[in-house]
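Below, read A as the first sequence line, B as the second, and so on, with proteins coming before strands; counting in each chain starts at 1. All values below were derived from every heavy atom in this structure, side-chain atoms included, with hydrogens, water molecules and symmetry-related copies excluded. Predicted model, so just to flag it, every value in this text is computed and none were measured.
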Amino acid sequence: MKWSQALIPTLKESPAEAEIASHKLLLRAGLIRKLAGGLYTFMPLGLRVLRKVERIIREEMDRAGALEVLMPALQPPEIWQQSGRYETAQDVFYKVRDRAKKEWILGPTHEEVITTLVAGELSSYRQLPKSFYQVQTKFRDEIRPRFGLMRAKEFIMKDAYSFDSSDEASQVSYQKMYDAYTRIFQRCGLQAFPVEADTGVMGGKFSHEFMVPAETGENEVVYCEACNYAANIEKATSRHMMHSDLGETEQAIEKFATPGAGKIEALAKEPFNVPAHRQIKTLVYMVEDKPVLILMRGDHKLNESKLTGTLGTATFRAATGEEIVESLKTRPGSLGAVGVKDIPIYADETLRETKQMTTGANEDGFHIRNVSVSRDIEVKQWADLRLAQVGEECSKCGQPLKIRRAIEVGHVFKLGTKYSIAMNALFLDEAGNRQPAVMGCYGIGVTRTMQAIIEQLNDKDGIIWPLSVAPYQVCITPLNVASGAPTLSVAEKFYSELNAAGVESILDDRDERPGVKFKDSELVGFPIRINVGEKSLANGEVEIKVRGGEMILVKVEEAVEKVREIVREKLANLAG
RNA sequence: CGGAGCGUAGCUCAGCCUGGUAGAGCACUUGCUUUGGGAGCAAGACGUCGCAGGUUCGAAUCCUGUCGCUCCGACCA
């Protein structure tokens, strides 16, 4: 490609709408343009990158034995009713109506479609295992699209689904995908690592997310450097952290006056001096419009993802002030669960053995002390409800946990038989028994991955593309492009030789000052640039500049081979 | 959906408080000069000031509504 014939609309300044580095660079490098919030056009160079990421994904999916299909983006709501997700997924749907006023759904994902397909096509254990994948546009009515391609209303996803005849076989399929993902991100030049993840209302058995560490990421990952434990904070656990002074002896409960002390911190200070870890935090939540109490230790926070799992529904919210008064007959500040019988009580495991605890008395200005939780409170269910915090002990090895932010670029889910049962994806096993297929599902946010690469690989000058996904591998920059100039003819020779050798090159034949060309090529992020200038050409030399790396002088006749060598080396590193 | 901020040239923004008929830089066009790190000079083109009402002799400016964008929160497979 000749630059003069391409459309690479670079910008010196960042549009005001962009907040994070990768979003700014996508716009500044002319890779995407916004149509509306969460909706973007891929410009020619941006599309080249996208296609390269897709190609890597396809190669690894094929290698893992998955079969590519292409399913409709438009889906009938009936299949969502059949799976039972029509209500729960309601909020993410874009719905359209045809001329007969029938409702259709723009697909946010394809479990229902693929399982319907498989129900009709696979009927024997002999046909299993089978995995399918597609690369396709998904539609989700995101409450708040942001950060360019990171969270968009319409985005490209690679989704894959595995069908197996047994749990053990499903585990094998899962592992294949897990391994494929590891290779995909490595080939994209991304540092991505797997973490244990919450299955949410997907109803799966377990799941891993592939995370790219980034301060701007929307996820928090809890990890341990000592034993490699890593989990999404929604799922992360830590050791119970039993303080030595959580009460040795049981004593009779005792109400005492705490005027004006309505918060954990207030009670922890003079004149009460009850440390936060000796208090019980009483939270009121409305679950499907009925109140429940959640008990946490005073120094702990509730993890609402874990609460979802415990309650078996995501339809809950913190109660309003009025609802609290209605439920407990007292205002927030002195809430407690002692003596409460008509409201279900869920308590964090950490509280189970604690004694001599202090909690609200359900009477303004009064608390109760010497509470032995198991003795004094009618707990309906004990559960791990705690949000893991920095410095707590790793539940595997006991070392202190750390937390960092990350971008989720992929997830793998072991689904079980939820969808195969709902959609009747049954097969006959060896004994002639009808069984539901055991499923897994596996997603990669393709457009998000593209942006994550930029977020991870950039500097003050622009993007630093890994060779595997760069829009062009080499940018050839003649400093003088006057017709007949030696710099131009040498550059053109490199251009044709490199392209003939399969090295994707772009020739910056614009009649621009050198500074402009250098800045543009670094902004767009081509991995290798060849500077053809009159000064070095007088010595029979040209410059090879590696983006983000060194500049070397080579003889004109050796330049093409040297570039090919660098390309080979860089690709080999990415292949691992 | 709650809170906050912003909508003026393709982009970044000033002007608004204190009403008087539209500005700068970058980008674009033409010419001359320049030519190894986002050039200089000169000339030029580009705006229903998001939209709709209202107040006023007069509205980019004040008021109301509305739409859009951004951020925080909630929400989110």
Side-chain angles (χ1 to χ4, degrees), chain A residues 9-20 23-24 27-28 30 33-39 80 83 85 88-93 107-112 138 140-148 150-153 157 159 161 197-204 206-209 216 218-219 232 234-235 304-305 308-309 314-318 320 408 410-415 418-419 440-445 460-462 477-482 485 487 508 510-524 529 531-538 542-543 545 551 553:
Chain A
T10 57
L11 303 171
K12 277 191 202 175
E13 292 178 285
S14 299
E17 73 204 46
E19 196 72 16
I20 64 175
H23 188 193
K24 288 177 183 170
L27 292 165
R28 287 190 56 209
R33 284 293 182 262
K34 185 175 77 172
L35 174 65
L39 299 172
W80 288 82
S83 73
R85 288 207 293 181
T88 55
Q90 192 70 235
D91 291 344
V92 303
F93 288 148
T109 181
H110 281 74
E111 280 81 14
E112 281 78 2
K138 301 285 192 254
R140 291 186 192 177
D141 187 3
E142 291 288 346
I143 293 174
R144 179 141 86 97
R146 60 181 134 181
F147 301 150
M150 282 294 183
R151 181 168 291 273
K153 292 176 168 159
M157 185 181 205
D159 48 324
Y161 308 89
D198 185 42
T199 50
V201 297
M202 274 287 271
F206 63 90
S207 138
H208 289 88
E209 289 167 340
T216 53
E218 296 186 280
N219 295 271
N232 190 311
E234 296 177 343
K235 159 97 176 178
E304 293 198 350
S305 302
T308 301
T315 319
F316 61 78
R317 58 177 172 79
T320 63
E408 179 194 347
H411 75 210
V412 291
F413 263 100
K414 191 149 175 264
L415 282 180
K418 171 177 169 177
Y419 296 93
C441 76
Y442 317 90
I444 291 179
K460 64 174 173 47
D461 294 315
T477 308
L479 299 193
N480 181 358
V481 294
T487 48
D508 191 352
R510 294 176 300 167
D511 185 14
E512 286 285 355
R513 301 165 65 83
V516 173
K517 295 187 174 193
F518 293 155
K519 287 288 182 192
D520 269 350
S521 79
E522 282 155 19
L523 175 59
V524 176
R529 189 177 67 218
N531 299 335
V532 187
E534 274 154 2
K535 287 177 192 163
S536 43
L537 205 54
V542 293
E543 294 162 359
K545 174 76 171 72
M551 165 115 78
L553 273 171

Exercise. Looking at A:E142 and A:A152, what are the two nearest heavy atoms and their distance?
Worked result: CG-O, 3.6 Å

Exercise. Considering every strand shown, what is the Watson-Crick or G-U wobble mate of B:rC32 when both distances are under 3.5 Å?
Worked result: B:rG40

Seminar exercise, completed: Letter by letter from the 5' end, nucleotides 29-50 of chain B scores (B base, S sugar-phosphate only, - none; protein heavy atoms under 4.0 Å) -----B-BBBB-----------

Exercise. Given atom CD of A:E218 and atom C1' of B:rC75, what is their separation to the nearest angstrom?
Worked result: 12 Å

Problem set entry | Pairing partner (Watson-Crick or G-U wobble, both distances under 3.5 angstrom) of B:rA14 | none

Problem set entry | Base partner of B:rC6, which must satisfy Watson-Crick or wobble distances under 3.5 Å | B:rG68

Exercise. Counting only distance, no hydrogens or angles, is the base of B:rC76 paired donor-acceptor with the side chain of A:R140 under 3.5 Å?
Worked result: no

Exercise. With rounding to whole Å, what would you report as the distance between B:rG19 and B:rA4 at their P atoms?
Worked result: 27 Å

For this session: Please state the P separation for the pair B:rC71 and B:rA52 - nearest whole angstrom.
Result: 28 Å

Problem set entry | Inter-nucleotide P distance (B:rG65, B:rG47), Å rounded | 32 Å

Can you check nucleotides 65-72 of chain B for protein contacts, nitrogen or oxygen pairs under 3.5 Å, and list what you find?
| residue | atom | partner | partner atom | Å |
| --- | --- | --- | --- | --- |
| B:rC69 | OP1 | A:G37 | N | 3.1 |
| B:rC72 | OP2 | A:R144 | NH1 | 3.3 |
| B:rC72 | OP2 | A:R144 | NH2 | 3.0 |
| B:rC72 | OP2 | A:R146 | NH1 | 3.4 |

Problem set entry | Nearest heavy atoms of A:Y161 and A:E111, plus distance in Å | CE2-OE2, 3.5 Å

For this session: Find the partner of B:rG19: check Watson-Crick (N1-N3 plus N6-O4 or O6-N4) and G-U wobble (N1-O2, O6-N3) distances, both under 3.5 Å, and reply none if neither fits.
Result: none

For this session: Please state the C1' separation for the pair B:rG36 and B:rG23 - nearest whole angstrom.
Result: 36 Å

Exercise. How would you list, by chain and number, every residue that makes a side-chain contact (heavy atoms from CB on, under 4.5 Å) with A:T10, sequence neighbours excluded?
Worked result: A:I8, A:D520, A:L523, A:V524

Problem set entry | C1' atoms of B:rC16 and B:rU21, separation to the nearest Å | 15 Å

Exercise. Partners of A:F316 by ring-ring contact (aromatic ring centres under 6.0 Å, His included), sequence neighbours excluded?
Worked result: A:Y285

Exercise. Under a 3.5 Å cut-off for both distances, is B:rA27 Watson-Crick or wobble paired, and to whom?
Worked result: none

For this session: Both distances under 3.5 Å, Watson-Crick or G-U wobble: report the partner of B:rC1, or none.
Result: B:rG73

Exercise. What pairs with A:E522 under salt bridge (Lys or Arg N to Asp or Glu O under 4.0 Å), at least two apart in sequence or on another chain?
Worked result: A:R529

For this session: May I have the distance from A:D141 (atom CG) to B:rA74 (atom P), rounded to whole angstrom?
Result: 19 Å

Problem set entry | P spacing across the pair B:rA45 / B:rG25, given as an integer number of angstrom | 15 Å

Exercise. When the distance from CD of A:Q90 to P of B:rC75 is rounded to whole Å, what number comes out?
Worked result: 18 Å

Seminar exercise, completed: Residues at least two apart in sequence or cross-chain that pass side-chain contact (heavy atoms from CB on, under 4.5 Å) with A:E534, listed by chain then number, are A:N480, A:T487

For this session: Could you work out the separation of B:rC46 and B:rC1 based on their P atoms and round it to a whole Å?
Result: 41 Å

For this session: Not counting sequence neighbours, which residues clear salt bridge (Lys or Arg N to Asp or Glu O under 4.0 Å) with A:K138? List them please.
Result: A:D159

Exercise. For A:R146, which residues count as a salt bridge (Lys or Arg N to Asp or Glu O under 4.0 Å) partner, sequence neighbours excluded?
Worked result: A:E218

Problem set entry | Partner set under salt bridge (Lys or Arg N to Asp or Glu O under 4.0 Å) for A:K12, not counting sequence neighbours | none

For this session: With P as the reference atom in both, quote the distance from B:rG5 to B:rU64 in angstrom, rounded to an integer.
Result: 14 Å

Problem set entry | Value in whole Å for how far the P atom of B:rA27 lies from CZ of A:R33 | 16 Å

Problem set entry | Nucleotide opposite B:rA45 in a Watson-Crick or G-U pair, distances under 3.5 Å | none

Problem set entry | Nearest heavy atoms of A:T216 and A:F147, plus distance in Å | O-CE1, 4.0 Å

For this session: Please determine, for B:rG53, whether a Watson-Crick or G-U wobble partner exists with both distances under 3.5 Å, and give it or none.
Result: B:rC63

Exercise. Taking NZ, NE, NH1 and NH2 as the nitrogens, is one of them in A:E512 or A:K517 under 4.0 Å from a carboxylate oxygen of the other?
Worked result: no

